[in-house]
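Written out below as structure tokens is the structure these notes cover.
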Amino acid sequence: MGWRNGMAKNITFIVTKDCQLACKYCYLVGKNSQERMPWKVAKQAVDYLLGQEHQFREEAVVWDFIGGEPFLEIELIDRICDYLKLEMYRRHHHWFNSYRFSFSTNGINYHTEKVQNFILKNHRHLSVGITIDGTKRKHDLNRIWKTSDGPYDAAVEKGSYDDVVRNIPLWLEQFPNAATKVTISSADIPYIKESVLHLYALGIKEVNINCVFEDVWNEGDDKLFEKQLISLADAIVDGELYLDHTCSFFSESIGKPMSPEHENRNWCGAGNMLSIDAAGNLYPCTRFAQYSLRSKKPWIIGNVWDGIDQNKLRPFLTLDRWTQSSEQCINCNVASGCAWCQGENYDAAATPTVFQRSTAICKMHKARVRANNYYWNKLFNKLLEAHDMEEMERQKRKSTNVIC
């Protein structure tokens, strides 16, 4: 569920739309080096948000900073965070000392002096995730450096694995329980098993991994996906890696039919979250900003000067599984755990609506469920066999003691 069991308010500053990389699967289709958040917009955002204590009543807050690559704007971020701490204290705000600063970074400039100074100053309230996709082969397949100018050229593309992996030991030293995020697209399915095991070998114990929500999947991808996950399951169970490692592809809670006992809730937090861009516009989620959208107009719900327009926010407050799922999805016998992205729903919909669920990952979810069932059956049988052997040894010792 995350910090505070997922009950904290999540507020995101889009500090830049620039990034050193041009990841092939990135949903940020409009990245650029021009749109950087000015200090006056950031300050106004803080003043507005902290001035609405009656509206934002969550007991805690996550101040999230993204890009592009957020650490490209470390000086601005440092200034924002200092101002936040000062103002929360000065206002006696209920979020004072009940907050986190959160980052998802490509890790390239993690080691730099300014970033390290920021981490040292804020470590007690800091959450930092570095994205590394697995082995060098898998990572460099998608996470490539952008070209300085001109069109994309596959012949000269340069992977970023070496530039990221050098910072993993420092990151894990500072955040021993940190998790990484791995993205799966069609081209890198064959490298799933080796990549998860590689990340474990690097010292990363929690691997959060997911398929992209966009419609990129080819015929047969689900079969290859299932085969990789079953092979990964064998490695984790046989090697007893489950004792101190996790992989989010395997969960006891997925692959069940919907029932009255299931929570009828929205999968994501769009509408309960809040994002702010360089122009001071407010969004229900970053995925509704223009640089995240392929074909739709941005869904702006207000700005940092005039506040939130509740009528524009209203549709998100009525979203749940039932209001946006088809009858086929509702009646699916493996519906639980099937994820969706609200922004992708909007972008892929036939009309400008958030009530049409995108089902591009349907076959991938079903493949995951089949592999997940295999994993838990194998683990259960292993633990049962170990328990039976232990019981037999106990009875043998007991019998020996009686004879003596």
Side-chain angles (χ1 to χ4, degrees), residues 1-2 6-14 17 25-31 45 49 52 55-56 58 62 64 66 104 183 210-217 254 258 262-277 279-304 306-332 335-365:
M1 289 293 291
M7 298 303 292
K9 184 72 175 180
N10 190 286
I11 298 173
T12 300
F13 288 83
I14 306 172
K17 294 183 180 177
Y25 52 54
C26 186
Y27 66 86
L28 300 174
V29 295
K31 288 188 291 189
L49 293 165
Q52 302 296 312
Q55 183 177 353
F56 306 125
E58 292 86 350
V62 175
D64 189 29
I66 70 164
S104 181
T183 300
N210 64 277
C211 297
V212 298
F213 290 102
E214 289 77 16
D215 190 6
V216 300
W217 305 106
I254 75 165
M258 289 296 297
H262 279 91
E263 281 189 85
N264 180 31
R265 59 180 180 82
N266 196 22
W267 181 267
C268 79
N272 294 313
M273 302 184 294
L274 199 61
S275 293
I276 309 137
D277 71 4
N281 293 316
L282 300 175
Y283 303 90
C285 166
T286 304
R287 290 294 297 256
F288 289 87
Q290 188 64 75
Y291 82 140
S292 300
L293 299 169
R294 302 181 303 274
S295 57
K296 294 293 196 302
K297 295 180 179 179
W299 195 310
I300 300 171
I301 60 171
N303 59 67
V304 296
D306 302 318
I308 296 174
D309 184 333
Q310 295 297 329
N311 283 327
K312 293 179 179 178
L313 181 63
R314 197 179 308 277
F316 295 90
L317 304 182
T318 64
L319 283 170
D320 54 33
R321 185 182 294 269
W322 297 92
T323 57
Q324 58 191 299
S325 299
S326 66
E327 185 176 350
Q328 183 180 9
C329 288
I330 294 297
N331 295 327
C332 176
S336 65
C338 186
W340 62 88
C341 167
Q342 208 64 57
E344 176 59 18
N345 286 357
Y346 171 61
D347 208 11
T351 60
T353 179
V354 290
F355 293 99
Q356 182 176 325
R357 179 173 165 186
S358 172
T359 57
I361 65 166
C362 176
K363 66 180 183 180
M364 304 303 286
H365 171 69

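- Within the model, atoms SG of Cys362 and CG of Asp215 stand 11.5 Å from one another, a figure rounded to the nearest 0.5 Å.
- For Phe13, the ring pair (Phe, Tyr, Trp, His ring centres under 6.0 Å) partners at least two apart in sequence or on another chain are Phe65.
- Not counting sequence neighbours, the partners of Val29 by the side-chain contact (heavy atoms from CB on, under 4.5 Å) test are Arg294.
- Counting only heavy atoms from C-beta outward, the side chains of Asp277 and Leu282 never approach each other to under 4.5 Å.
- When side chains are defined from C-beta on, Met258 counts as touching Arg321, because their heavy atoms get closer than 4.5 Å.
- For the atom pair Leu28 CG and Lys31 NZ, the distance stands at 6.0 Å (nearest 0.5 Å).
- Here Thr323 pairs with Asp320 under the side chain to side chain donor-acceptor pair (under 3.5 Å) rule; sequence neighbours left out.
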### Task
Would you please test Tyr283 and Phe316 for ring-ring contact (aromatic ring centres under 6.0 Å, His included) and show each step?
CA-CA 11 Å; Tyr283 303 90; Phe316 295 90; over 10 Å; no
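- Listed by chain and number, the residues in a side-chain contact (heavy atoms from CB on, under 4.5 Å) with Lys9 are Ile11, Phe56, Glu58, Val61, Trp95 (sequence neighbours excluded).
- Contacts of Tyr27 classified as side chain to side chain donor-acceptor pair (under 3.5 Å), with partners at least two apart in sequence or in another chain: none.
- Nearest heavy atoms, Cys338 versus His365: N-CE1, 3.4 Å.
- The shortest distance between side-chain heavy atoms of Val212 and Ile361 does not fall below 4.5 Å.
- Annotation for Leu313 and Gly271: closest pair CD1-O, 3.6 Å, computed over non-hydrogen atoms.
- For Ser275, the side chain to side chain donor-acceptor pair (under 3.5 Å) partners at least two apart in sequence or on another chain are Thr286.
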### Task
Given side-chain contact (heavy atoms from CB on, under 4.5 Å), test Val62 with Thr12 step by step and report yes or no.
CA-CA 8 Å; Val62 175; Thr12 300; over 6 Å; no
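- For Cys329, the side-chain contact (heavy atoms from CB on, under 4.5 Å) partners two or more places apart in sequence, or in a different chain, are Ser325, Ser326, Arg357, Thr359.
- With sequence neighbours excluded, the residues that form a side-chain contact (heavy atoms from CB on, under 4.5 Å) with Cys341 are Phe213, Arg287, Glu344.
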Show me the side-chain donor-acceptor pairs of residues 296-303 shorter than 3.5 Å, one per line, residues at least two apart or across chains.
| unit_1 | atom_1 | unit_2 | atom_2 | d |
| --- | --- | --- | --- | --- |
| Lys296 | NZ | Tyr346 | O | 3.2 |
| Lys296 | NZ | Asp347 | O | 3.2 |
| Lys296 | NZ | Ala349 | O | 2.7 |
| Trp299 | NE1 | Lys312 | O | 3.2 |
| Asn303 | OD1 | Trp305 | N | 2.9 |
| Asn303 | OD1 | Asp306 | N | 2.7 |
| Asn303 | ND2 | Asp306 | OD2 | 3.2 |

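- With rounding to the nearest 0.5 angstrom, the CH2 atom of Trp217 is 4.0 Å from the SG atom of Cys211.
- With rounding to the nearest 0.5 Å, the separation of CG in Leu319 from CG in Leu317 is 8.5 Å.
- Residues passing the side chain to side chain donor-acceptor pair (under 3.5 Å) test with Gln324, sequence neighbours excluded: Asn266, Trp340, Gln342, Asn345.
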### Query
Should Ile276 and Val304 be marked as a side-chain contact (heavy atoms from CB on, under 4.5 Å) after you check the CA-CA gap, both sets of side-chain angles, and the distance that decides it?
CA-CA 8 Å; Ile276 309 137; Val304 296; 3.8 Å; yes
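- Within 6.0 Å of the CD atom in Gln328, the count of heavy atoms belonging to other residues, nucleotides or ligands does not exceed 12.
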